K.L.:
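I'd like to ask some things about the structure below.
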Amino acid sequence: MSAPGFFEVLEGWDGVGVVVRHDQPTGTWIFIALHDDTLGPATGGCRMKVYDRPEDGLADALRLSEGMTHKWAAMDFPFGGGKSVLAIPHALEGAERRGLLHRFGELMNSLGGRYGTGADLGTTVEDMQTIAEVSEYVIGVHGRTEGPMDPSPFTALGVFEGIRSALRHRFGSGDFAGRSVLVEGVGAVGGPLAERLAGAGATLLVADIDTERAASVARALGGMSVRLADVPSTECDVYAPCAVGATLNAETIPELRCAIVAGAANNQLAAPEDATRLLERGILYAPDYVINGGGAMAFTSIYMGADDLAEVERRVRSIGESLDTIFAEAAERGASPVVGAQAHVARVLQRGPRPR
Ligand code: NAI
């Protein structure tokens with residue numbers, strides 16, 4: 001069977017539309033996918049990558065923009081699903097890269113605010129600043145912050161509140177004291193998360209591919225480091241994947257000795273069936289796209305003019321409340337929280353923008 005062409009990739013996708021442009025000077029295909037604008041302007045990062053075929057870049061843009069619709073709706077935040085892909089023919093540097101980014105910015109401008117972007121795989125904060133030289137639709141660069149901001153501590157805060165919600169649901173109390181949490185990956189998100197957990201009285205276990213880093217975080221916070229290979233079989237109340245995706249799969253799920261999985265990593269489930277596998281093992285799973293949205297939430301809040309940090313934090317903490325609803329609904333149906341999250345998303349989209 002031959003690989004799907006442009007038209008086949010688009011068939012069956014029910015988004016608002018896609019803007020396509022072939023950038024002649026660099027040979028890049030630019031795709032801006034607008035999946036849904038029910039709650040607000042389509043918003044999502046800009047991915048720059050070499051694909052085998054431009055059609056694969058289009059497919060990525062469509063899939064990722066749909067993911068953003070779910071992410072914003074799960075948080076009940078006034079943005080729609082969008083994503084852009086710059087399918088470059090080879091790595092671009094210097095003037096070539098700048099030129100492409102400027103032309104991409106001008107293409108965004110032609111949409112008059114229907115799409116807003118930020119950094120994603122293959123693009124950097126510096127790239128965003130380059131785009132911002134010609135376009136006002138770059139999130140996290142314009143706004144009231146001094147210079148580009150780091151979303152990771154806000155992501156960590158959202159995950160912390162998400163874990164608290166899971167503890168409430170599972171054990172009847174959101175108290176961290178005496179609860180053991182294994183944080184896998186103590187980088188930009190896992191690091192501040194581990195600090196919060198230790199501060200709240202949790203028993204901290206940490207693992208990282210960088211064993212030195214794991215040991216030093218454990219030392220600093222009074223926790224214990226765990227070998228990466230032992231992560232799935234380590235007994236704990238909460239396993240918080242904060243490194244790479246697909247750590248929940250047919251091999252690891254039978255080994256898990258935790259009550260809850262709740263962490264920041266994207267795409268934690270290797271396959272959709274893994275949600276059912278976790279349910280069957282009686283492990284409560286916090287859907288990744290709900291629990292890890294704190295950084296995106298903070299970014300966009302500040303972009304929209306929020307200058308009261310306490311208010312931004314309050315919004316990020318509300319991720320815990322969204323998860324309360326999702327867990328309760330899933331329990332009522334005897335289904336995975338993934339099903340609860342989908343129902344929550346559908347309800348929010350059907351209701352439309354939140355009345356102000
Ligand atoms: P990071 O790169 O700062 O930290 C990742 C940490 O995991 C590092 O300490 C690294 O040594 C470790 N690591 C890498 N590969 C590993 C492996 N195979 N096993 C165990 N440890 C490994 O990344 P960051 O920003 O903390 O992101 C972590 C996860 O959270 C990623 O999956 C990311 O997509 C997701 N995420 C991050 C957000 C943010 O605001 N930074 C927002 C939403 C999701």
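Start at 1 and go down the list; that is how both ligands and their atoms are numbered. All figures in this text were calculated on a predicted structure; none of them were measured in a lab. Only heavy atoms go into these numbers, but all of them, side chains included; no hydrogens, no water, no symmetry mates.
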K.L.:
Listing by chain and number, which residues have a heavy atom under 4.0 Å from ligand 1?
P.N.:
Pro151, Ser152, Thr155, Gly185, Val186, Gly187, Ala188, Val189, Asp208, Ile209, Asp210, Arg213, Leu228, Cys242, Ala243, Val244, Ala264, Ala265, Asn266, Asn292

K.L.:
Relative to each other, are the rings of His35 and His70 parallel, tilted or perpendicular (30° and 60° limits)?
P.N.:
perpendicular

K.L.:
Could you tell me if the side chain of Leu228 sits less than 4.5 Å from the side chain of Glu184, heavy atoms only?
P.N.:
yes

K.L.:
Any donor and acceptor pair, going by atom type alone, linking the side chain of Thr43 with main-chain N or O of Pro41 inside 3.5 Å?
P.N.:
yes

K.L.:
If a pair satisfies ring pair (Phe, Tyr, Trp, His ring centres under 6.0 Å) and one of its residues is in residues 175-226, list it, with sequence neighbours excluded.
P.N.:
Phe160-Phe176

K.L.:
What distance separates Asp120 CG from Met68 CE, expressed to the nearest 0.5 Å?
P.N.:
8.5 Å

K.L.:
Can a donor-acceptor pair be found, under 3.5 Å and without considering hydrogens, that links the side chain of Arg97 to the backbone of Leu92?
P.N.:
yes

